[in-house]
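Notes follow once the structure below has been shown.
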Amino acid sequence: MNHDQTAKEILSAVGGNDNINNIIHCVTRLRFNLKDMKAPNKEEIKKIDGVLTVVESGGQFQVVIGNEVPKVYESLIGIMGKETMSATSEQKGQGDKHGLFNRFVDVISGVFMPVIGVLAAAGILKGLLALFSTLKWLTEDMSTYKILFATADALFYFFPILLGFSAGKKFGGNPFISATIGAALVYPTMTAAATAGTGMSFLGIPVILINYTQSVIPIIIASYLAANFERWVTKISPSPIRMFAVPLVTLTVITPVVFMAVGPVATLISDYLAKGAMWTYGLSPIVAGLLLAGLWQTIIIFGLHWAFIPILLNNLVTNGFDPINGMLYATTFAQTGAAFAIAIKTRDKKLKPIAMSATISGLMGVTEPAIYGVTLPAKKAFIMASIAGGIAGSVAGFMGSTAYGFGAGLFGIPLFINPNGIDTGFIGFILSVLIAFVLGFILTYMFGYKNAATSSASMKQEKAEQVQPKRISSDYKETAGDVSATTPVQATTEVYVEKIVSSPLTGQLIPLTEVGDEAFSSGAMGQGAAIIPTKGVAYAPFDGVVVTIFKTKHAIGLLSEDGVEILIHVGINTVTLKGKHFTSYVSDGDTVRKGDKLVEFDLEGITAAGLDIMTSVIVSNTAIYTDIQAKQQGNIEHGEALITVK
């Protein structure tokens, strides 16, 4: 991969510097906050070398790269320029565009992402120390142990300082101000007073002292208040003294407010969150594990896992342990096992190294390459891995597996050792990891991936030319893959595979040759049918995938499960409406079932604009079929047979 070229193409595809409010990256993704989320061309971005897929979630436009994302990010920042990035860091008003929940997810990901790597590293080191202590390789009175423990525990002890810096940047404030507030929260004098129960007051107002070491929520709220207060102070401060006056006033006002009100309230919220999570877990650890772990990787796909991060971390700092992550941890190994199964089974020379590389990444705790590059494109493989993850999660829940730190992959396994020694929870955790990997492998190898099922319609045709004569009369669900299972004979054998495409519309049929657009009437775009719709709704004509839906929503490309490519083009020259009078219900890459609503359109609005509503339904891969018959006259309801492909 040429990182500079990939970055350049991505920047152009998302609309350039002018369309970017902000950009960060995580382990595998570039996360854009864009001014116009409709500007990027998803399909073009997916074709860029090094891009695995594109996801829109949490108000972010996410470009999934994989392990090379830091280098692509570095190239991207170099191309954009530091001055541009400083200008784009302000995101005023953006939250209003995306809704409250999306804003919440965006904030959480922005605050925790910069520290997630070192957080995992510190957690793993603590886990290793627990393992070494259990094995009697180190003891707590050894200097080596004390130095390593201080290294591992420092991040958690002083967490408010690091989160304060990260949150300050996210909220657009001076990160050193919010970090200083975090430092005040864990200042030794205040911590000692809280531990001793010493009473304090500020200007005669009582202060409820709390030990804020390892806390999460108080400093995030404090950073938000500080950033907004700082902006107000900046506006009213004289320019000559602004450099020191703004931090002085902000710290003097906000820090006492945090100690008097924000801290106690936020701590109370933290306690209730922890108790709520434990209460839910206590209802049925088995069911909780089955559901949460079974859905966890899907939650990650949509970027919604960031909403859970504060709860997981809050459990750790409030209770000293977290049973939720004890159930979820094995899901990465389920996806990894599925990717490994495909790496072993596939005959695709391009897919095999991708799947093997994704397996290695998955063992290290990074599942995006496995998901987006291997299991999700195979569809059933992702489902099989999710099933394996759910079963493994229920086992972890039943055995009481518990996390005592925050880590990832094989190196994170020691995090599940009880500080008092190995217990049934740790044994259950190891069992859940093994079940997830092995079951993910077996289910995918047996049911989740078939070499015979190819994504290319032309390969389907090539296989069909090598099989016994067979006349199939069935609906569209009969696949060419079923035919390819028969005994090979001479290539000259004639094969008839009949497939039915139903009508996506309700209306009056007319011959395709009468369509007032030569590209369709001449057959240049392919053979098919034409309909004058009487209802402004288009439905999926078969089970398949949305290959593309044009930005103007007037044309949709679909691919059936057995390789039939269909183009539905609503009206003539309706592209000039630029999406007006159209409402889409699907996006590129969506899986659809027969009868699913694809798009609605206002018949009266289109005709009032002086445009013809005559709609073409075209088999765009006509060339690979021997015969295509379409109904030409009469009335038709959506769902009725329209085109027969042989």
Requested in this report: Report the C-alpha separation of I383 and F447 in whole Å, then their side-chain angles, then the decisive distance to 0.1 Å, and conclude whether the side-chain contact (heavy atoms from CB on, under 4.5 Å) test is met.
Outcome: CA-CA 10 Å; I383 295 173; F447 309 110; over 6 Å; no
Requested in this report: Just jot down the side-chain contact (heavy atoms from CB on, under 4.5 Å) partners of T506, sequence neighbours excluded, or say none.
Outcome: T534, K535, E637, H638
Separation of [Y] [atom2] from [X] [atom1] (nearest 0.5 Å):
X	Y	atom1	atom2	value
I286	L291	CD1	CG	12.0 Å
S432	L439	OG	CG	12.0 Å
I636	S503	CD1	OG	4.0 Å
F437	T336	CZ	OG1	7.0 Å
T6	D49	OG1	CG	5.0 Å
L328	L292	CG	CG	5.5 Å

Beyond-backbone contact of [X] with [Y], side-chain heavy atoms, under 4.5 angstrom:
X	Y	result
I532	I613	yes
I500	I643	no
F61	P40	yes
V515	T513	no
L611	I572	no
V545	D590	no
Y539	L598	no
I23	N33	no

Query raised in the report: More than 12 foreign heavy atoms under 6.0 Å from NZ of K8: is that the case here?
Result: no
Query raised in the report: Between W296 and M327, is a side-chain contact (heavy atoms from CB on, under 4.5 Å) present by the stated rule, with each step listed?
Result: CA-CA 10 Å; W296 186 242; M327 301 182 297; over 6 Å; no
I need the minimum non-hydrogen distance between [X] and [Y], along with the two atoms involved.
X	Y	answer
L567	A555	CD1-CB, 4.3 Å
P533	I531	CD-O, 3.2 Å
I45	A13	CG1-CB, 3.3 Å
A436	A388	O-CB, 3.9 Å
K553	I549	CA-CG1, 4.3 Å
G639	S502	O-CB, 3.5 Å

So, [X] side chain and [Y] main chain: donor-acceptor pair closer than 3.5 Å or not?
X	Y	value
Q632	A630	yes
K352	A343	yes
T548	G557	no
T444	G448	no
K631	L509	no
T359	F340	yes

**Report entry** Sequence neighbours excluded, every pair satisfying side-chain hydrogen bond (donor to acceptor under 3.5 Å, both in side chains) that has a member inside residues 595-619
**Finding:** Y585-E600, K597-E600
Mind checking what makes salt bridge (Lys or Arg N to Asp or Glu O under 4.0 Å) contact with [X], not counting sequence neighbours?
X	value
K42	E56
K379	none
K47	E44

Query - Residues which pass side-chain hydrogen bond (donor to acceptor under 3.5 Å, both in side chains) with T644, listed by chain and number, not counting sequence neighbours - result: none
Query raised in the report: So I442 and M446, side-chain contact (heavy atoms from CB on, under 4.5 Å) or not? Walk me through it.
Result: CA-CA 6 Å; I442 293 174; M446 295 180 64; 3.6 Å; yes
Query raised in the report: Step by step, would you call I10 with I65 a side-chain contact (heavy atoms from CB on, under 4.5 Å)?
Result: CA-CA 11 Å; I10 291 174; I65 304 291; 3.9 Å; yes
Query - Sidechain N-carboxylate O distance under 4.0 Å for K594, D543 - result: no
Query raised in the report: For the residue pair Y445 and F441, does the interplanar ring angle fall in the parallel (under 30°), tilted (30 to 60°) or perpendicular (over 60°) class?
Result: parallel
